[in-house]
There are 2 protein chains.
Amino acid sequence: MPRKPSYDRDALIAQARDIFWRQGWAGTSLKDLERELNLKPGSFYAAFGSKDALYALALERYAQDGVSRLTAMADEVGPLQALKTQPQIVISAKEMPARACMLAKTFAELQAKGHGLADKAGAHLEEMKECFATLFRRAQAAGEIGAHHDPDRLAARYQSDLLGLRLSAERDDVNAIELASDIAADLDRL
Amino acid sequence: MPRKPSYDRDALIAQARDIFWRQGWAGTSLKDLERELNLKPGSFYAAFGSKDALYALALERYAQDGVSRLTAMADEVGPLQALKTQPQIVISAKEMPARACMLAKTFAELQAKGHGLADKAGAHLEEMKECFATLFRRAQAAGEIGAHHDPDRLAARYQSDLLGLRLSAERDDVNAIELASDIAADLDRL
DNA sequence: TATATACTTGAGTGATCACTCAATAAAGCC
DNA sequence: GGCTTTATTGAGTGATCACTCAAGTATATA
């Protein structure tokens with residue numbers, strides 16, 4: 001009896017993620033979303049409930065994709081090589097809506113106001129950090145990295161470096177490729 | 001014949017800087033500013049012209065203070081020691097409105113929209129980077145750092161590390177003190 | 001084909017946005 | 001004290017914000 005929606009919900013979430021990623025939370029109006037997603041207000045609210053709810057879905061999608069891409073690469077080339085390759089990957093993709101991390105941008109924009117989305121972004125950042133820590137642990141188990149290092153501390157530093165790199169890569173006056181290779185080179189000294 | 005304003009313009013700019021720094025551009029409304037600065041709309045616009053004009057003044061003040069504090073410290077303890085101390089300074093100040101860099105936050109928030117304030121923030125970031133480069137050059141001249149390093153490249157990496165650190169320091173799950181000392185420790189290996 | 005059940009549409013909601021301006025108050029100079 | 005000049009005030013501007021909802025439309029089942 002029912003009628004099927006004419007849109008692909010998953011595709012809309014991915015599209016919304018790209019818009020939010022580029023423009024931020026306050027920088028994206030409902031008008032923007034309605035225009036880009038080709039959705040009238042009624043359909044939008046029927047599908048997602050609110051701007052914040054869609055933003056939360058976009059954040060989740062972003063974080064899931066990030067973790068799964070990294071772990072897939074680690075399974076292919078090994079944990080250390082994956083960590084060394086990641087910096088150049090995150091800055092090179094020309095098709096990406098922004099170089100800076102969406103989780104970091106969301107956290108920075110909304111944390112001061114106590115917005116719930118900042119907490120969600122922070123939790124996803126923590127997941128990512130744990131993902132890095134797991135790779136460092138696997139690299140240690142494989143003998144690629146000295147066992148005397150604290151993998152959680154390495155992960156925190158590595159994530160911080162990546163966040164700095166990705167923000168710097170948005171600038172015209174920074175050579176992001178040099179920066180990425182310097183970060184990767186540090187991993188060889190562990 | 002004229003009447004003097006009842007407020008201290010410089011103090012108002014500093015106060016506005018703190019609010020913008022914490023809440024961002026879109027996150028700060030005229031109502032917020034009027035309430036915190038204790039200024040009615042008419043006085044506000046007579047004094048500053050627009051929200052963006054005040055934001056630009058706040059950015060300038062922020063950047064000037066940053067450069068002068070760092071160079072003052074370098075004159076006191078030497079360039080390398082200043083660079084090594086800076087990380088713990090930027091995360092430790094409890095009286096600061098935010099740990100993350102205001103220039104970075106502004107740039108990240110407004111760059112995608114092509115807002116002029118993003119360009120200003122980017123220019124100030126470049127000034128800061130040049131300030132770091134000068135200190136690295138002075139450290140090399142003093143024999144504190146190997147002469148084979150490119151000071152501009154060191155500065156770019158150092159600034160990126162600081163931006164990552166300061167963003168990470170806003171999070172509850174990151175040990176910013178460890179992070180800061182790890183960044184400082186890297187400078188000893190140059 | 002008839003009907004039930006959703007999806008689609010777009011004008012419209014009150015709230016808030018950055019900002020304006022005419023009226024009023026206060027200070028310096030005569 | 002009177003006059004000039006500027007600061008202060010706060011109600012009000014149109015625009016945009018996120019969001020609503022009743023009416024219309026399309027589709028899967030019976």
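Throughout, protein chains are lettered first and strands after them, A, B, ... in sequence-line order, and every chain is numbered starting at 1. When reading the values below, keep in mind they use all heavy atoms of this one structure, side chains included, and skip hydrogens, waters and symmetry mates.
Cluster annotation: Ile183(B) and Met73(B) are assigned to the same hydrophobic cluster (Ile/Leu/Val/Met/Phe/Trp/Tyr, side-chain heavy-atom contacts under 4.5 Å, transitive). Cluster annotation: Leu167(B) and Phe107(B) are assigned to distinct hydrophobic clusters (Ile/Leu/Val/Met/Phe/Trp/Tyr, side-chain heavy-atom contacts under 4.5 Å, transitive).
Thr85(A) and Gln81(A) share a donor-acceptor pair across their side chains, judged by distance under 3.5 Å alone. Under 3.5 Å, the side chains of Tyr55(B) and Thr106(B) contain a donor-acceptor pair of N or O atoms.
Using a 4.0 Å heavy-atom criterion, one finds that Tyr7(A) contacts the sugar-phosphate atoms exclusively.
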Pairs under 3.5 angstrom, nitrogen or oxygen only, protein versus nucleotides 16-23 of chain C, please.
residue, atom, partner, partner atom, Å
dA18(C), OP1, Thr28(B), O, 3.3
dA18(C), OP1, Lys51(B), NZ, 2.9
dA18(C), OP2, Leu30(B), N, 2.8
dC19(C), OP2, Tyr45(B), OH, 3.0
dC19(C), OP2, Lys51(B), N, 3.0
dC19(C), O5', Tyr45(B), OH, 3.2

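Not less than 6.0 angstrom separates the ring centroid of Phe132(B) from the ring centroid of Phe136(B).
For Asn38(A) and dT8(C), the CG to C1' distance is 12 Å, given to the nearest whole Å. Atom pair Leu37(B):CG and dA7(D):P shows a separation of 17 Å (rounding to whole Å applied). Whole-Å rounding puts the Leu39(A) CG to dC7(C) C1' distance at 11 Å. Rounded to whole angstrom, the span from the NZ atom of Lys40(B) across to the C1' atom of dG12(D) amounts to 16 Å.
Summarising the geometry of Met96(A) relative to Val90(A), their closest heavy-atom pair is CE-O, 3.9 Å, with the distance given to 0.1 Å.
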